[in-house]
Amino acid sequence: MTNQQIIERDNAHVAHTYGRNQIALEQGKGMHVTDFDGKEYLDFTSGIGVNSLGYCDPDWVAAVSEQAGRLQHTSNLYYTDPCGQLAETLCKRTGFDKVFFANSGAEANEGSMKAARKYSFDTYGEGRYQVVSLVNSFHGRTLASLTATGQEVFHHYFGPFNEGFAYTPANDYEAFLKTVTPATCAVIMEMVQGEGGVCALDKDYVSKVNAYCHEHDILIIVDEVQTGIGRTGTFLAYEQFDVQPDVVSLAKGLGGGLPIGAVLMSEKVAKGMGPGTHGTTFGGNPVVCAGANVVMKKLTDEMLADVRAKAAALRAGLAKLPHVQEVSGLGLMVGIAFEEGISAKEVLTACQNKGLLCLTAKTRLRLLPPLVLTNEDIEKALNILNEVLSAL
């Protein structure tokens, strides 16, 4: 089939909830993907930060294929080896005590907020349920995670929204103090607001919020759905900030290409989450966990050091390009702000035509390349961007 045939069939039968690029992708390897017309692209999106090892890493493919041929699903009424292995690895790597597996970032954030409210109810009783999130945040598209999302543009059409949420501007500690109340049980933060424009939080602000929350037993939830699993140069982005979370949500890059979510919890939070408090049919699926185990095994200290080196090279090159006003984010979570009059969407389309896949986040061009990119990949991407921006 051709690109056009694939697109026409999709448009006829798939709900139009996405503004799709007019490309139908067929197969990929490493940093490169090919469409149904045979055109090859250098992919600096990694499926919105999901394909952490690139397309079809041989070890990942072998592990997933082997597990699919042995046992594809059981439900959480039974134990499996890949699920337990992944849980043990995550807990040892992060210092958390327990993990709950889900299927997406939105589900992981739902689980994290339920766990926070359960802890507060068990400890303080009714009435202490408010979750404070940051303006410009994004936490998912289910009703509760959408309510937690601090962007008014998402708060249309689907009301009434859930009670028990409040919003405070990022990096404004005095505003934070005015927002929390005796009803506040948790604060949820992204160390880098991805969908909000790839904006990193101020370290001093995070440190002050951390101290206040621990002093008042307000749980800190760090949303690492997009920032985690090596994306920012450390295993989890919060390692670069003065903060000790009680709960962390993971997804995207953890599965290496298959759907997964995870909620990491400290013991004081986890002990309240007994049988029946939360659940999902597909969470901890053995095939998905087999793939995630490969990601965890490959994400060594040496690989993280390489991510930091490649990120520094990419960022330095981007800063020198025409019309670039700012390079934001952390590590390989990159936002590019252009001079006035330069549209990120137009830049994305022009790059796409030249064989480079990018993303946008609000008014910025966003790059989330696989963690396995090479210096040659960086040079090629910079050359394409330079061509595009020089022509504007």
*Please examine the side chains of Q4 and R9, heavy atoms only from C-beta on, and report whether any two atoms are closer than 4.5 Å.*
no

*Check the side chains of K362 and N136 for a donor-acceptor pair under 3.5 angstrom, ignoring hydrogens and angles.*
yes

*Ignoring hydrogens and geometry, is there a side-chain-to-backbone donor-acceptor pair from N3 to I23 under 3.5 Å?*
no

_Crowding at NZ, K271 (>12 non-hydrogen neighbours, <6.0 Å)_ = no

*Examine V334 and I342 and state if one hydrophobic cluster contains both, with Ile, Leu, Val, Met, Phe, Trp and Tyr joined whenever side-chain heavy atoms are less than 4.5 Å apart.*
yes

*Between F165 and R117, is there a cation-pi geometry (under 6.0 Å to ring centre, at most 45° from the normal)?*
yes

*With a 4.5 Å limit on heavy-atom distance, are the side chains of L389 and V347 in contact?*
yes

*Without hydrogens or angle criteria, can the side chains of T89 and N293 be said to hold a donor-acceptor pair below 3.5 Å?*
no

_Is it the case that the side chain of K39 and the backbone of N353 share a donor-acceptor pair, with hydrogens and angles ignored and the cut-off at 3.5 Å?_
yes

*May I ask you to check whether T184 and R128 show a side-chain donor-acceptor distance below 3.5 Å?*
no

*asked:* Counting C-beta onward and ignoring hydrogens, is there a side-chain heavy-atom pair between C185 and Y119 closer than 4.5 Å?
replied: no

_Heavy-atom side-chain contact between L382 and L321 under 4.5 Å_ = yes

*Should Q352 and C358 count as side-chain neighbours, where that means a heavy-atom distance under 4.5 Å?*
no

*Is K298 salt-bridged to D57, going by a charged N under 4.0 Å from an acidic O?*
yes

*asked:* For F235, does the six-membered ring have the charged nitrogen or CZ of R93 within the cation-pi criterion, i.e. under 6.0 angstrom from the centroid and within 45° of the normal?
replied: yes

*Say whether, by atom type as modelled, one donor and one acceptor occur between the side chain of E8 and the main chain of Q5 under 3.5 angstrom.*
no

*asked:* Does T147 form a side-chain contact (heavy atoms from CB on, under 4.5 Å) with E163? I'd like the steps, not just the answer.
replied: CA-CA 8 Å; T147 308; E163 296 181 359; over 6 Å; no

*Determine whether L90 and L264 make a side-chain contact, defined as any pair of heavy atoms from C-beta on separated by less than 4.5 Å.*
yes

*Electrostatic pair E224:R231 at N-O distance under 4.0 angstrom*: no

*Where the side chain of T149 meets the backbone of Q151, is there a donor-acceptor pair that is under 3.5 Å apart?*
no

*Check the pair T2 / D37 against side-chain hydrogen bond (donor to acceptor under 3.5 Å, both in side chains), numbers first and verdict last.*
CA-CA 6 Å; T2 66; D37 291 342; 4.8 Å; no

*asked:* Nearest 0.5 angstrom please: N109 CG to S133 OG, how far?
replied: 10.5 Å

*Does any N or O in the side chain of H155 come within less than 3.5 Å of the main-chain N or O of F161, such that one atom is a donor and the other an acceptor?*
no

_As a quick check of understanding, evaluate side-chain hydrogen bond (donor to acceptor under 3.5 Å, both in side chains) for S207 and D242, giving each step before the final call._
CA-CA 5 Å; S207 179; D242 180 18; 2.6 Å; yes

*Beyond-backbone contact of M189 with D223, side-chain heavy atoms, under 4.5 angstrom*: no

*What do the steps show when you test T123 against S120 for side-chain hydrogen bond (donor to acceptor under 3.5 Å, both in side chains), and what is the final call?*
CA-CA 5 Å; T123 308; S120 191; over 6 Å; no

*Expected output: side-chain T232 to main-chain G228 donor-acceptor under 3.5 Å*: no

_Please check: side-chain N/O of S46 versus main-chain N/O of S52, any donor-acceptor pairing under 3.5 Å?_
no

*Heavy-atom donor-acceptor pair, S75 side chain to T281 backbone, under 3.5 Å*: no

_Heavy-atom pair with the smallest gap, counting every atom of G194 and Q226_ = CA-OE1, 4.0 Å

*Is the shortest distance from a Lys or Arg side-chain nitrogen in D81 or R70 to a carboxylate oxygen in the other one below 4.0 Å?*
no

_Main-chain N/O of I221 paired with S112 side-chain donor or acceptor, under 3.5 Å_ = no

*Will you find, in the side chains of Q193 and S137, an N or O donor that is under 3.5 Å from an N or O acceptor?*
no

*Is there a side-chain hydrogen bond (donor to acceptor under 3.5 Å, both in side chains) between Y55 and D43 once you walk through the steps?*
CA-CA 9 Å; Y55 288 101; D43 187 357; 2.5 Å; yes

*Between the side chains of D204 and Y173, is a donor N or O closer than 3.5 angstrom to an acceptor N or O?*
no

*Between D59 and K297, does at least one N-O distance fall below 4.0 Å, as a salt bridge requires?*
no

_Charged N-O contact under 4.0 Å between K92 and E88_ = yes

*Taking atom types as modelled and ignoring hydrogens, do the side chains of E376 and T374 form a donor-acceptor contact shorter than 3.5 angstrom?*
yes

*Just checking, any donor-acceptor pair under 3.5 angstrom between side chains of R366 and T360?*
no

_Which heavy atom of G150 sits nearest to which heavy atom of Y167, and what is that distance?_
CA-CD2, 3.9 Å

_Side-chain donor/acceptor of D97 to backbone N/O of E267, under 3.5 Å_ = yes

*Just how far is it from atom NE2 of H278 to atom NZ of K118, taken to the nearest 0.5 Å?*
13.0 Å

*asked:* Are the side chains of H32 and Y41 in contact, using a 4.5 Å heavy-atom criterion?
replied: no

*Considering non-hydrogen atoms only, spot the tightest contact between Y238 and T94 and give its length.*
OH-O, 4.1 Å

*Would I188 and Y212 show up in the same hydrophobic cluster when neighbours are defined by side-chain heavy atoms closer than 4.5 Å?*
no

*Decide whether T34 and E26 meet the rule of one side-chain donor and one side-chain acceptor closer than 3.5 Å.*
no

